[in-house]
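Encoded as structure tokens, the structure appears first; notes follow it.
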Amino acid sequence: TRGVAIQRADVVTYRSPHAQLSSAQRHHPGGFGDQQLIWLAGLRGDVNVYGTHPANPMFDGVERNFSPSSWVGNGIMPDVAQSDGVLLAVYDTTPRRGYLERGRQRFSHVYFPRSRFDEVQATASHVIGRAGDGYIALLGTSPLTWESEDELIQHGKITAWAVLVSGGDEQGFDEFCESVRESTLVRVGRMAELRTPEHVDALTKAGPFLVDGNFVRQRHHRFETPWVQAPRFPHSLRIQAGGHTLELNEEDAVRTMS
């Protein structure tokens with residue numbers, strides 16, 4: 001009824017021994033999101049952080065409002081791009097009204113389970129957390145406020161977030177915190193730019209994602225892994241691991257192993 005669909009996604013995942021950051025690149029920004037989780041950060045010890053644009057319930061009956069909801073799916077999908085352990089997300093809540101859509105929420109929020117972190121530092125511009133040797137930082141273009149113990153909110157029709165993850169194998173926590181404090185996230189219209197001591201990341205609606213002025217690709221092949229590489233809609237797949245090979249040929253309906 002609101003044009004939602006679960007469609008293919010260009011997923012990027014950055015992983016280290018202490019932290020992981022994964023996102024669907026520029027996945028239908030401005031569209032209606034039923035159950036899509038666009039980005040997720042994870043630290044060791046079952047510590048997960050993610051953000052959404054909360055949807056208002058469509059119906060009066062609770063049993064019919066399982067998605068999209070406050071934390072499931074998105075009322076309006078964000079524009080997201082990622083390079084390694086750095087992610088930018090722009091939540092623009094101004095697109096057209098959906099059929100049967102009730103009043104639209106004018107804020108975005110992030111689930112940040114404070115009690116599961118070993119250490120948390122928070123200001124109006126950024127929040128930093130440490131779980132073991134894994135670190136995460138959130139920056140906003142509007143003041144960050146705590147709605148509850150685990151919910152961070154940015155108010156506004158258009159909001160932007162930067163998410164940074166790191167770990168003890170890359171840098172110490174004090175060094176990470178200092179880098180975050182020296183970083184700035186600004187938004188001009190629907191463009192967000194993150195400036196850190198190391199890089200400048202810029203994301204523009206309907207425009208490119210740039211890191212230090214260089215274009216970062218968001219459209220990917222079907223598989224780009226050490227074990228299998230293939231374009232979209234391949235006629236055959238060749239998978240190699242542990243000295244063995246599996247070949248799948250869809251056109252000839254042949255499956256061979258060696």
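On a predicted model such as this, the values are computed, not experimentally measured, just so you know. When a residue number appears, it is its place in the shown sequence, counting from 1.
Following chains of ILVMFWY side-chain contacts shorter than 4.5 Å, one can reach Leu88 starting from Val211, so the two form part of one hydrophobic cluster. Linking Ile, Leu, Val, Met, Phe, Trp and Tyr residues whenever their side-chain heavy atoms come within less than 4.5 Å leaves Leu139 and Val127 in two separate clusters. Using a 4.5 Å cut-off between side-chain heavy atoms of Ile, Leu, Val, Met, Phe, Trp and Tyr, with links allowed through other members, Val163 and Tyr135 fall into different hydrophobic clusters. Residue Leu144 is grouped with residue Val120 when hydrophobic side chains (ILVMFWY) are merged at heavy-atom distances under 4.5 angstrom, including chains of intermediate members. Connection of Leu246 to Phe223 is established within a shared hydrophobic cluster, with ILVMFWY side chains joined at heavy-atom distances below 4.5 Å, either directly or through further cluster members.
Annotation: salt bridge (Lys or Arg N to Asp or Glu O under 4.0 Å) contacts involving residues 197-214, sequence neighbours excluded, comprise Asp92-Lys205.
Heavy-atom neighbours of Arg106 CZ from other residues, nucleotides or ligands within 6.0 Å: above the threshold of 12. A 6.0 Å sphere centred on CZ of Phe233 holds no more than 12 heavy atoms belonging to other residues, nucleotides or ligands. For His199, the NE2 atom counts as loosely surrounded, since its 6.0 Å shell holds 12 or fewer non-hydrogen atoms of other residues, nucleotides or ligands.
For the residue pair Ser142/Thr159, the side-chain donor-acceptor check at 3.5 Å is not satisfied. Between the side chains of Trp71 and Thr52, no donor-acceptor pair of N or O atoms lies under 3.5 Å. Looking only at atom types and distance, the side chain of Arg104 has no donor-acceptor partner in the side chain of Thr93 under 3.5 Å away. With 3.5 Å as the limit, one finds a donor-acceptor pair spanning the side chains of His126 and Thr123. Residues Ser183 and Thr196 bring no donor and acceptor atom of their side chains to less than 3.5 Å of each other. Counting only N and O atoms by type, the side chains of Gln171 and Ser166 include a donor and acceptor under 3.5 Å apart.
When atom types are taken as modelled, the side chain of His53 and the backbone of Ser108 share no donor-acceptor pair closer than 3.5 angstrom. In this structure a side-chain-to-backbone donor-acceptor pair under 3.5 Å is missing from Ser23 to Ile38. In terms of modelled atom types and a separation under 3.5 Å, the side chain of Gln82 and the main chain of Leu21 share a donor-acceptor contact. A donor-acceptor pair is defined here as one N or O able to donate and one able to accept, closer than 3.5 Å; no such pair exists between the side chain of Glu151 and the backbone of His109. In this structure, Gln218 contributes its side chain and Val216 its backbone to a donor-acceptor pair below 3.5 Å. The main-chain N or O of Asp46 is found under 3.5 Å from a side-chain atom of Arg116 such that the two form a donor-acceptor pair.
Side-chain atoms of Tyr91 and Asn74, non-hydrogen and from C-beta on, do get closer than 4.5 Å to each other. Residues Val90 and Trp161 are not in side-chain contact: their nearest non-hydrogen atoms beyond the backbone lie 4.5 Å or more apart. Taking the side chain as every heavy atom from C-beta outward, Phe176 and Ile128 approach each other to under 4.5 Å. Counting only heavy atoms from C-beta outward, the side chains of Glu175 and Ser179 never approach each other to under 4.5 Å. Contact check for Trp39 versus Val110: side-chain heavy atoms found under the 4.5 Å cut-off. The shortest distance between side-chain heavy atoms of Phe117 and Val49 falls below 4.5 Å. Using a 4.5 Å heavy-atom cutoff, the side chains of Thr141 and Val186 are not in contact. Residues His18 and Leu43 fail the side-chain proximity criterion, which asks for heavy atoms closer than 4.5 Å.
Both tests hold for Arg114 against Trp146: distance to the six-membered ring centre under 6.0 Å, angle to the ring axis within 45°.
The shortest non-hydrogen separation linking Ala41 to Ile136 is CB-CD1, 3.5 Å. Shortest non-hydrogen contact noted between Arg44 and Pro17 is CD-O, 3.1 Å. The two residues Arg238 and Val228 have their closest heavy-atom pair at O-CG2, 3.6 Å. When all heavy atoms of Val165 and Ala19 are compared, the pair lying nearest together is CB-CB, 4.0 Å. Closest non-hydrogen pair, Asp169 versus Ser16, comes out as OD2-CB, 4.0 Å. Here the closest heavy-atom approach between residue Phe215 and residue Pro208 is recorded as CD1-CB, 3.7 Å.
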Check: residues 248-258 side-chain donor-acceptor pairs under 3.5 Å, at least two apart:
from   : atom 1 : to     : atom 2 : distance (Å)
Asn249 : OD1    : Glu251 : N      : 3.1
Asn249 : OD1    : Asp252 : N      : 2.9
Glu251 : OE2    : His235 : ND1    : 3.3

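We find that Arg26 and Asp10 are not joined by a salt bridge, their nearest charged nitrogen and carboxylate oxygen being 4.0 Å or further apart.
Between the NE2 atom of His155 and the CZ atom of Phe107 there is a distance of 7.0 Å, given to the nearest 0.5 Å. If you take CG on Leu164 and CG on Leu87, they are separated by 9.0 Å, rounding to the nearest 0.5 Å. Here the CZ atom belonging to Phe112 is positioned 7.0 Å from the CG atom belonging to Leu152, to the nearest 0.5 angstrom. The CZ atom of Arg187 lies 15.0 Å from the CG atom of Leu194; values are rounded to the nearest 0.5 Å. Between the CD atom of Gln20 and the CG atom of Asn48 there is a distance of 9.0 Å, given to the nearest 0.5 Å.
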